[in-house]
Every structure is written in structure tokens, then in C-alpha cells.
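Step one of this worksheet: look at the structure below.
Note on naming: letters A, B, ... go to the chains in the order of the sequence lines (proteins, then strands), and numbering restarts at 1 for each one.
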There are 2 protein chains.
Amino acid sequence: MISDKKTSLTNKEAFVRRITKEILSGKWKPGDRLPSERELAAEMGIGKTVVHSGFEQLATMGLVHIKPKSGTFVADYMKIGNIETLNAIVQLNGNELGRDVVKAILDLRLAIEGEALRTLCLCRSTENIVHLRSITKDIRDIADNIGVEELAEHFFIWHREICILSGKSVLTLFMNTTHDVSIAFWANYLRMYGASFAIDRLEQFTDLIEARDGEGAYNLLASGIADYLARLDSNAGS
Amino acid sequence: MISDKKTSLTNKEAFVRRITKEILSGKWKPGDRLPSERELAAEMGIGKTVVHSGFEQLATMGLVHIKPKSGTFVADYMKIGNIETLNAIVQLNGNELGRDVVKAILDLRLAIEGEALRTLCLCRSTENIVHLRSITKDIRDIADNIGVEELAEHFFIWHREICILSGKSVLTLFMNTTHDVSIAFWANYLRMYGASFAIDRLEQFTDLIEARDGEGAYNLLASGIADYLARLDSNAGS
DNA sequence: GCAACCATCTGGTCCGACCAGTTCAATTTT
DNA sequence: AAAATTGAACTGGTCGGACCAGATGGTTGC
């Protein structure tokens with residue numbers, strides 16, 4: 001479920017990756033007009049249909065803006081883009097996440113999960129607590145025997161469980177769309193803090209939810225995020 | 001900016017609308033296997049490429065799941081879909097929003113804007129307050145002379161401004177992706193409460209931000225949403 | 001100097017052919 | 001009779017070339 005290695009790229013995938021890389025690397029800047037579909041198709045030796053389909057995909061990611069009968073332009077993706085843009089950045093850069101991207105992910109987690117925590121604290125049942133303690137124990141049992149990427153997947157699932165239990169399905173929806181980006185974050189986090197520390201925090205969250213302390217749970221999340229960002233900045237300065 | 005009337009549909013648009021309608025109406029249920037691309041193409045008298053492109057679009061909306069070389073299946077869109085799914089529902093149903101969709105939008109607004117309000121209360125400048133009062137006055141000045149749809153656009157922009165001023169750009173990103181869905185909501189809200197009441201609330205928000213009362217601003221948002229949902233339910237029962 | 005014009009370029013749509021992986025029933029082997 | 005093998009008939013994925021209509025920008029005619 002985790003590995004999704006692509007050994008051979010299709011022409012369309014190759015095209016999308018190339019343009020994405022060129023835009024994010026700064027070769028093309030927001031407002032620039034990209035070469036025409038025919039031009040790019042001829043240059044890469046592929047069909048115009050493929051280029052067109054690729055541009056459509058880039059447009060849904062918010063990286064480009066298609067102006068019919070006129071041209072395709074690089075969008076101001078940091079302003080008008082959506083979460084797909086973040087996913088694209090992560091998929092391209094792998095584990096080398098820029099500070100801005102990490103900050104964006106954490107801002108989002110605080111908003112979505114913070115609200116989920118507040119809601120869950122208001123409506124949590126005894127079964128919810130038992131369930132959370134159970135999956136936390138599962139993670140602790142296997143933490144030493146699996147890789148950091150797989151462990152990151154479990155942390156993602158744990159936090160998504162908070163959204164599911166809160167009953168606000170739209171929060172879960174959003175968590176799903178941040179999957180790729182979240183995995184990359186958790187992998188970084190686990191490498192920095194270690195698995196034991198991270199799992200302890202899961203138990204602290206559960207305690208606060210059991211005590212129906214919404215503010216406390218929110219503050220634990222917020223302070224953890226602030227601490228992580230501070231460490232990131234101090235490491236960058238070293 | 002608001003009107004986006006399509007007088008003539010392309011084959012692809014017609015196909016996407018048809019399948020979307022059939023899925024949301026319940027003709028196809030999650031897990032069902034849809035007819036093959038060739039079958040649908042022949043039935044509608046269009047090219048297979050068009051059907052394929054349409055399925056790709058439906059897949060990005062989270063409505064279907066494409067299993068290569070095997071078939072296209074209806075996705076459990078309420079669980080694995082994303083915000084595009086909500087937009088699709090709104091575009092199909094127009095102003096006739098189901099209760100579940102409205103609830104989802106409001107859950108989302110509370111999470112995103114609630115966080116933006118808290119953040120803004122911590123970092124607001126005097127200029128921010130002046131700016132908010134200025135655009136609020138602008139809305140009040142023109143409220144009586146424009147239609148409810150256009151007014152809804154202004155309310156959307158006002159609330160997006162909260163995200164922008166908070167400095168957390170990812171929240172603005174998410175607000176952008178909810179544009180269509182938000183406009184539909186505000187139009188409903190304004191018809192229910194009237195413009196005057198809604199604009200008064202904008203001023204109350206500004207007062208609380210000026211007082212750096214993050215909890216108060218959050219509670220104003222939350223109570224407003226709860227009240228709206230309660231009115232919605234009581235109307236449904238009449 | 002200005003307005004009308006038109007060749008050219010753009011993205012949008014569409015088709016029919018081909019590719020490669022999946023599926024499953026008929027066939028062969030054990 | 002049961003299990004393994006095969007292979008034909010599907011599936012979605014790719015592709016290039018054709019055509020459309022709107023945008024563009026230089027040229028022509030006034």
C-alpha cells in the first residue's frame with residue numbers, strides 16, 4: 001500500500017514531471033507563457049493529445065493556467081494553487097522538503113486536526129478511548145521492526161482516526177487528500193525525534209481526549225508543531 | 001466572475017455530467033463496475049478517447065476509481081473523495097444543497113476559518129482592522145444594489161481575507177478550492193438571514209479580532225454555524 | 001492615421017488504431 | 001476428478017493525425 005514505484009514512465013507522466021520540475025525549479029516563472037502544445041509535442045516526440053491531457057492535469061494541480069485559443073501560462077501557484085500542488089512538490093522533491101512546504105503542511109494539520117480534536121473531546125465515547133489505546137499499542141509493538149516510511153503511514157492513519165472518530169467526515173476527506181504530503185512529513189518527524197517520543201505523544205493525546213480537554217489537546221498539537229519548526233530552523237542555521 | 005453559463009455542452013462535458021448524475025442519484029453504487037469505455041462510447045456515439053478523458057476527470061473528483069486493464073468502478077466517494085467531489089455535487093444540484101453537503105461545508109469552514117481567526121487575533125495589526133472595517137463598509141454600501149449571488153461572492157472574499165491576513169497561505173489555498181461550494185452556501189445564508197444581519201456579524205468579527213479575542217471569534221463562528229444548521233433542520237421539518 | 005481584413009497560430013475535440021495487462025473459461029495435464 | 005496451462009476476448013492506456021473555432025497580429029485599403 002505504501003510503495004508505489006514506477007519503473008517505466010508513460011509519455012504523459014514524463015511530460016507532467018518535466019513541466020512540473022521546470023516550473024518549480026524556476027525555469028518558468030508565474031505569468032510566463034509556455035511553448036504551444038504542438039511545439040512541446042514535436043520536441044518530445046509525442047502526440048499533441050498527450051501534451052493536452054498533461055496540461056489539463058497540471059491545471060488541476062494549479063500549476064498552470066490554460067487560456068483557450070491563446071496559450072498556456074504558468075500560474076501563481078503559491079496563491080491560487082490547491083493541495084495537489086503541495087503533493088506535486090513532495091513527489092518531485094522526495095524527502096528534501098523546503099521550509100515553506102513543511103510550514104504549509106503543519107498549518108493545515110493544526111487547522112484540520114485541531115478542530116477534529118475539539119470535536120472529539122466533546123463527543124468521545126469509552127469505546128473511542130479503548131480503540132485509540134489499542135492502535136497506539138499496535139504501533140508501539142511494531143515500531144522497531146519496520147522502516148520509517150511504513151511507520152509514517154501508521155502515524156498518518158492514527159491521526160486520520162481522530163478525524164474519523166470526530167464524526168466530521170469532511171475533515172477525513174481533507175486528511176486523505178494530504179496523504180502523500182503527510183507521509184513525507186511524518187518520515188521527517190520520526191527521523192528527527194525518534195519513534196518512542198512520537199508514540200508517547202499519541203498516548204498524551206489519548207489522555208487529553210479521555211479527559212475531554214479540547215483546549216489541552218489543541219495546545220499539545222500546537223506546541224508540538226511550534227517546537228518542530230523551531231528545531232528545523234535551528235538545524236538550518238547550523 | 002460569477003456567471004458561468006454553458007449554453008452548449010461538449011461531448012466530454014455531457015458524459016461527465018451524465019455519469020456524475022447517475023452516481024449521485026444512486027443508479028450506480030460504490031463498488032459497482034461501470035460499463036467499459038468502448039461500451040459507453042458506442043452508446044453515446046462518441047469517441048473512446050472522450051470517455052477515457054471524462055473518466056480521468058471523474059477520478060480526480062474522487063467519484064470513480066480506475067483499475068487499469070480491468071475496469072472503472074464507482075468509488076466510495078464520501079470516504080475517499082476530496083473537495084472536488086463537493087464542488088461537483090454543488091454544480092449539479094445548483095442551489096438545492098442536501099443537508100449533508102451543507103454540514104460538510106460548515107464543518108470545513110469552522111476548521112479553516114476558526115484557525116485563521118485564532119492566528120489573526122495573535123498577530124493582527126492596526127492596519128488589518130482598518131482594512132477589514134473598510135471592506136465591510138464597502139459591502140454595506142453596495143448590498144442593496146446587487147443580487148444575492150454577487151453579494152455571496154463578496155462574503156466569500158471577506159472571509160478569505162481573514163485567511164490571507166492570518167499569514168497562513170495554505171488556509172487561503174483551501175479557501176480557494178472551496179470557492180464554488182462556498183458561494184452556494186453564502187447565497188443560501190443570505191436568503192435565510194438577510195444581508196443586514198450578515199454584515200452586522202462581519203463587524204462583530206472585526207471587533208473581536210481587534211480585541212485579540214481568539215476564543216470569542218471562534219465561538220461567534222461556531223455558534224453562528226450551529227444556529228444556521230438548527231434553522232435548516234427546523235425548516236426541513238415544517 | 002485608422003479601421004477592416006485575413007493568414008496563421010492557439011487550445012479543444014474527436015476518431016480509429018494499436019499496445020499491454022487482466023480475466024476467465026476451455027483445454028490439457030496430472 | 002482435480003489442478004495446472006493456455007489463449008482468446010476483454011479491459012484501460014497510449015498515440016498521432018485530422019478538424020474546429022476563437023484569438024492574434026500584421027497587412028491592406030481607405
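Among all heavy-atom pairs drawn from Ser166(B) and Cys163(B), the shortest one is OG-O, 2.7 Å.
Here the two rings, on Phe185(A) and Tyr228(A), have centers that are under 6.0 Å apart. Close placement of the Trp186(B) and Tyr189(B) rings is indicated, their centers lying within 6.0 Å of each other. With ring centers used as reference points, Phe15(A) lies under 6.0 Å from Phe55(A).
Atom CZ of Arg38(A) and atom P of dA18(D) are 12 Å apart (whole Å). Between His65(A) atom NE2 and dT10(C) atom P the separation is 17 Å, expressed in whole Å. Put simply, CD1 on Ile46(B) is 14 Å from C1' on dG16(C), counting in whole angstrom units. Look at CE on Met44(B): it is 14 Å from C1' on dT13(C), rounded to the nearest Å. Computed from coordinates, the Glu56(A) CD to dG12(C) C1' distance equals 9 Å when rounded to whole Å. Rounding to whole angstrom units, NE2 of residue His52(B) and P of dT13(C) are separated by 15 Å. The CG-C1' distance, from Leu34(A) to dT10(C), rounds to 13 Å in whole Å. The CZ-C1' distance, from Arg33(A) to dT10(C), rounds to 7 Å in whole Å.
Position along DNA chain C of the nearest nucleotide to Lys67(A) versus Thr49(B) favours Lys67(A) as the more 5'-ward residue.
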Can you list the steps and then say if Glu22(A) with Lys29(A) is a salt bridge (Lys or Arg N to Asp or Glu O under 4.0 Å)?
CA-CA 9 Å; Glu22(A) 288 183 355; Lys29(A) 299 202 180 305; over 6 Å; no
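When the side-chain nitrogen and oxygen atoms of Ser36(A) are compared with OP1 and OP2 of dC9(C), none of them lie within a distance under 4.0 Å.
When each of dT23(C), dG13(D), dG11(C) is scored by its nearest atom to the side-chain atoms of Pro68(B), the top-ranked nucleotide is dG13(D). In this structure, of dT10(C), dG13(D), dG11(C), it is dG13(D) that holds the atom nearest to the side chain of Lys69(B).
Within 4.0 Å of Lys12(B), counting heavy atoms only, lie sugar-phosphate atoms of the nucleic acid but no base atom. Within the 4.0 angstrom heavy-atom criterion, base atoms lie near Lys48(A). Nucleic acid contact class of Gly54(B) (heavy atoms, under 4.0 Å, all strands): none. Note on Thr72(B): only backbone sugar-phosphate atoms sit closer than 4.0 angstrom, heavy atoms only; bases stay farther off. Among the heavy atoms of the strands lying under 4.0 Å from Ser70(A) are primed sugar atoms or P, OP1, OP2 only; no base atom is included.
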